[in-house]
Amino acid sequence: MARNEIITGIDLGSSKVCCLVAEINESGNIDILGYGISPSSYLKKGNVVNIEGLTRSINDAVNQAETMANLKIEEAVVGLSLMNVDILRNKGVVAIPKSTSEITGQDVERVIQAAKILAISPDRDVVQVIPREFIVDGCEGINDPVGMVGTRLEVDSYIITAPITVMQNIQKCFQRAGILIHNIYLKPFAVKKILLSWDEIEMGVALIDVGATITEIAVFKGNDIVKYATLPVGGDYITNDIAVGLRLPFNYAEIIKRRYACAQESLASEKQEIEIQSIGEVSTRRINQKELASIIEPRVHEIISLIKRELEFDNQKINLAAGGVITGSGLLPIRGAIDLAQKILGMPLRGGKTEMYGYDQTFTVCLGLLSSVISSINFNRKIIEKQKQRVSFLERAKRFLREYF
């Protein structure tokens with residue numbers, strides 16, 4: 001694997017755009033070369049509300065990463081959250097040429113493309129294809145069919161679709177920024193491998209990503225996506241309650257939340273004082289953490305209750321032997337939020353954090369995107385190695401025949 005192979009992940013969030021650029025090293029892992037963060041309020045509930053503004057935010061984050069890495073970024077893998085997503089199940093089937101009977105990487109690509117051929121509404125677009133399993137001549141449960149012998153290759157896959165106008169607006173922003181989109185991932189599917197353990201996935205687990213304006217709930221069990229749902233609530237609603245309750249500018253309320261927020265009034269301290277200056281007042285005043293928590297707790301309780309209702313709607317808790325994992329900037333940084341969620345949801349919960357490469361949770365999605373690219377590259381590399389081995393075997397056979405016959 002070439003050392004100079006560069007990969008870039010861009011996380012489109014409701015409050016910020018994050019960019020992480022890395023180089024693939026000789027061992028197949030990544031070395032971070034640069035990163036960038038740009039504030040953004042131009043993507044709300046998965047919809048672009050200002051094309052020029054989002055383009056600027058993308059440019060700003062990319063330019064920071066380019067300056068740090070001293071290179072030009074031309075393409076990227078993109079992670080985002082979307083509302084109105086449909087997940088369909090579909091199969092693709094291709095015939096394997098009789099001349100070879102051996103399944104190649106090109107055959108895998110053909111069958112995945114075949115799985116995309118399904119009847120969907122003209123106002124929707126395919127965002128992502130997730131293979132569930134491959135089937136060779138009726139033999140199910142295959143994860144990697146390359147190198148196997150067969151005459152018929154099938155893939156059972158999940159097809160993720162979204163409104164075509166939403167995807168076109170996002171594409172337009174990247175085109176204006178001069179960045180080619182290599183692949184798009186919904187955030188839970190990008191971070192799944194780095195936040196969830198194999199045991200959790202096999203037993204059944206809910207990945208709950210609470211962002212600024214969207215909460216995504218994805219339930220995984222084995223190879224199955226049992227449920228995917230979105231709620232139009234997130235951390236910005238908590239910030240807005242603080243802003244209204246204390247008469248503060250929204251940005252200042254966000255700073256207060258990140259520094260002092262506590263999800264449970266019973267855990268907050270009356271001794272910890274917070275100095276604030278409300279809109280229209282010339283002098284500052286002091287409140288304690290308990291007063292702040294009295295504003296925050298009802299909204300946190302509401303968000304978690306909505307998550308509970310979604311999980312109970314189709315009795316998903318029977319699929320959650322491993323409980324749940326909460327990630328995202330909406331709840332995870334708030335002290336006591338995980339404990340409160342565990343009480344309300346009535347199941348084991350933990351915070352979804354990664355220690356990969358020493359970066360904080362700001363770059364969790366970007367790291368998940370890079371990890372997904374690495375998996376794809378390693379898979380393609382394995383295909384090439386298998387094909388080389390096959391060619392090498394044929395060459396040895398030819399030499400043997402020439403020598404003895």
Side-chain angles (χ1 to χ4, degrees), residues 1-2 4-13 16-25 28-38 40 43 46 48 54-55 57-66 68-69 71-82 85 109 112-113 116 125-131 158-160 162 166-195 207 209 211 216 218 327 354 356-357 359 361-381:
M1 192 176 295
N4 61 350
E5 192 155 9
I6 304 299
I7 55 178
T8 302
I10 296 178
D11 172 15
L12 285 188
K16 61 185 179 299
V17 174
C18 298
C19 177
L20 203 62
V21 58
E23 179 184 40
I24 303 174
N25 59 34
N29 294 317
I30 59 175
D31 296 324
I32 303 299
L33 301 179
Y35 63 86
I37 306 173
S38 177
S40 174
L43 193 68
V48 179
L54 185 57
T55 302
S57 294
I58 294 169
N59 269 325
D60 289 346
V62 168
N63 289 340
Q64 291 173 39
E66 286 179 334
M68 188 177 295
L71 54 80
K72 177 68 176 174
I73 295 173
E74 296 179 343
E75 66 174 5
V77 182
V78 178
L80 70 163
S81 301
L82 295 172
V85 167
E109 182 60 32
I112 290 175
Q113 291 301 318
K116 291 183 179 180
D125 192 18
V126 174
V127 179
Q128 189 178 350
V129 178
I130 304 175
Y158 291 102
I159 312 294
I160 300 174
V166 173
M167 302 312 298
Q168 288 173 340
N169 285 328
I170 289 170
Q171 289 275 5
K172 191 171 185 180
C173 292
F174 277 92
Q175 286 172 358
R176 292 190 177 189
I179 304 294
L180 175 67
I181 297 178
H182 186 267
N183 265 326
I184 291 177
Y185 291 84
L186 291 186
K187 291 184 183 182
F189 306 111
V191 302
K192 171 186 172 184
K193 288 184 179 179
I194 66 170
L195 292 184
L207 181 59
D209 186 345
E216 295 175 277
T327 187
T354 174
M356 292 174 67
Y357 312 107
Y359 284 86
Q361 305 315 301
T362 302
F363 294 102
T364 298
V365 173
C366 286
L367 288 169
L369 292 169
L370 299 186
S371 177
S372 298
V373 174
I374 287 289
S375 297
S376 176
I377 289 174
N378 286 339
F379 180 73
N380 291 335
R381 185 189 186 195

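All values below come from the heavy atoms of this structure, side chains included, with hydrogens, waters and symmetry mates left out.
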Non-hydrogen atoms of [X] and [Y] that approach each other most closely:
X: M167; Y: A162; answer: SD-CB, 4.2 Å
X: T8; Y: L370; answer: C-CD2, 3.8 Å
X: Y185; Y: Q128; answer: CD2-NE2, 3.1 Å
X: E216; Y: P188; answer: OE2-CD, 3.3 Å
X: A190; Y: L369; answer: CB-CD2, 3.8 Å
X: G46; Y: L82; answer: O-CD2, 3.6 Å

Interatomic spacing from [atom1] in [X] to [atom2] in [Y] - rounded to 0.5 Å:
X: I58; Y: N63; atom1: CD1; atom2: CG; result: 11.5 Å
X: L20; Y: M68; atom1: CG; atom2: CE; result: 10.0 Å
X: Q171; Y: I179; atom1: CD; atom2: CD1; result: 12.5 Å
X: I10; Y: C18; atom1: CD1; atom2: SG; result: 10.5 Å

Check whether any side-chain heavy atom of [X] lies under 4.5 Å from a side-chain heavy atom of [Y], and answer yes or no.
X: F174; Y: L12; value: yes
X: V77; Y: I7; value: no
X: T362; Y: K16; value: yes
X: K172; Y: Q168; value: no
X: I160; Y: F189; value: yes

Does any N or O in the side chain of S372 come within less than 3.5 Å of the main-chain N or O of G368, such that one atom is a donor and the other an acceptor?
yes
Between the side chain of E74 and the main-chain N/O of L180, is any donor-acceptor distance below 3.5 Å?
no
Partners meeting side-chain contact (heavy atoms from CB on, under 4.5 Å) with A69 (sequence neighbours left out)
V21, L33, L71
Go through the structure and list residues passing side-chain contact (heavy atoms from CB on, under 4.5 Å) with S40, not counting sequence neighbours.
V17, Y42, L54, S57
Contacts of type salt bridge (charged side-chain N to carboxylate O under 4.0 Å, His left out), residue K187, not counting sequence neighbours
D11
C19 vs I73, test: side-chain contact (heavy atoms from CB on, under 4.5 Å). Steps then yes/no.
CA-CA 10 Å; C19 177; I73 295 173; 4.0 Å; yes
